[in-house]
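Here the structure comes first, spelled out in structure tokens, and everything after it is commentary.
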Amino acid sequence: MQKLVPLLLDWFAANARDLPWRRTRDPYAIWVSEIMLQQTQVKTVIPYWNRWMRELPTIKSTANASADKIHKLWEGLGYYTRVRNLQKTAQAIVAKHGGRFPGNFDDVLALPGIGRYTAGAICSIAFNQPTPILDGNVIRVLTRIFGIAKNPKEKKTNEFLWQIAKELVGRAKSAKEAKKQDTSRPSRSSLEINPCSHFNQSLMELGALVCTPRNPQCRICPVRIFCVAFRENRIEQLPNLRKRETAASRQFVAFIVENNGRFLVRQRPAGVVNAHLWEFPNTEIHGGKSEPKLAAKDIFGIAPIRIEPLATVKHSITRYRITLEAFRVKIGGTSSTSSHSKQSKSGTRGACPSEAVGVWKSPAQMQRLAFTAAHKKLASFAVNRILSGR
Ligand code: SF4
């Protein structure tokens with residue numbers, strides 16, 4: 001264990017990716033990156049993080065931002081509970097700590113929505129404290145290096161892994177050795193000042209770049225000589241996680257209603273999946289073939305005058321494979337040439353039957369709203385197809 005730490009620190013100094021959140025020690029910026037990186041790849045997060053920090057550069061600005069703004073900034077990243085919790089936590093920091101990110105692990109852990117991993121990551125990366133981290137990448141690296149065959153999700157084994165992570169970062173605190181110097185990478189002096197920060201990041205980085213779930217690059221791995229899984233040819237078996245459930249298919253039908261260049265859309269209510277995001281009227285079809293006309297009647301309260309297939313959008317989220325069949329429908333009182341639309345200029349509800357379902361929005365207004373991923377694809381397709389074909 002003693003020898004692992006300098007090897008990993010040296011490797012990180014020479015190989016760390018130049019990521020925008022690695023150029024700062026602002027705990028707020030690091031916290032935002034950690035929340036975005038949950039279940040999301042680095043290359044996807046970079047533009048979102050840059051935009052977020054530009055638009056909401058402080059804890060106070062996040063605490064005070066409108067729900068529309070935070071959802072729009074998060075649009076496409078998915079798992080939207082994350083952004084709502086991020087704002088709640090920012091509000092708690094303003095209320096309890098005057099808008100200043102607490103620098104003590106227990107205070108960070110006490111914040112709503114921040115768990116042991118995130119608190120450890122913020123305290124080590126921003127404040128160079130010897131606080132351990134354990135996420136999927138780190139679990140993979142540690143179970144392989146130490147040859148831990150038990151399921152790492154089981155309580156006892158998980159706690160054992162936390163203890164190893166703690167021991168390692170504790171040793172890093174006193175590490176002084178960093179042989180390589182490269183000014184474009186974390187420098188030797190920086191490593192000496194921030195060994196806990198860099199050690200934890202080295203575990204994450206090794207898991208992301210070298211000790212990957214499939215086909216790990218053992219040939220170039222800095223800790224290969226100490227790796228039990230490599231030595232005993234057990235890499236494929238570790239970590240010992242249960243196989244993922246196979247993805248379940250779900251089918252939805254969505255209805256595109258257009259009237260004088262505006263589209264009928266609705267906002268998902270609080271307390272449901274993708275709360276606060278926008279979508280076209282839609283419903284899930286359970287079992288068997290969809291009957292879109294009946295589904296449209298259920299949603300709009302009257303049978304559509306006309307219904308025609310428009311597009312099929314496929315989308316994956318967590319363990320679901322979603323197929324969204326979209327239909328262009330004409331409901332009584334709406335048509336692309338109708339001159340008696342009841343909508344107001346602001347796009348509020350009117351008296352047309354379909355208007356009980358949602359609100360009318362122009363393409364420009366829709367651009368400013370946060371849509372679920374599948375409906376965003378659908379919106380751009382529908383706007384192009386319907387309005388260009390008029
Ligand atoms: Fe992972 Fe291979 Fe390195 Fe072991 S030697 S830590 S399995 S990359």
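Every heavy atom of this structure was used, including side-chain atoms; hydrogens, water molecules and symmetry mates were not. Note that ligands are numbered from 1 as they come in the structure, with each ligand's atoms numbered from 1 the same way.
Within the 4.5 Å cutoff, no side-chain heavy atoms of Val383 are placed close to those of Glu258. The side-chain heavy atoms of Lys156 and Lys150, taken from C-beta on, include no pair separated by under 4.5 Å.
Around atom 4 (Fe) of ligand 1, the protein atoms of type N, O or S that sit closer than 2.8 Å are Cys227 SG.
In this pair, Phe300 and Phe255 present their aromatic rings perpendicular. The plane angle is above 60°, beyond the 30 to 60° band. Between Trp21 and Trp49, the angle of the ring planes goes over 60°, which puts this pair in the perpendicular group of the 30/60° scheme.
Contact check on Asp18 versus Arg23 returns a salt bridge, with a Lys/Arg side-chain nitrogen under 4.0 Å from an Asp/Glu carboxylate oxygen.
Judged by the 6.0 Å and 45° rule, Arg82 forms no cation-pi pair with Tyr79.
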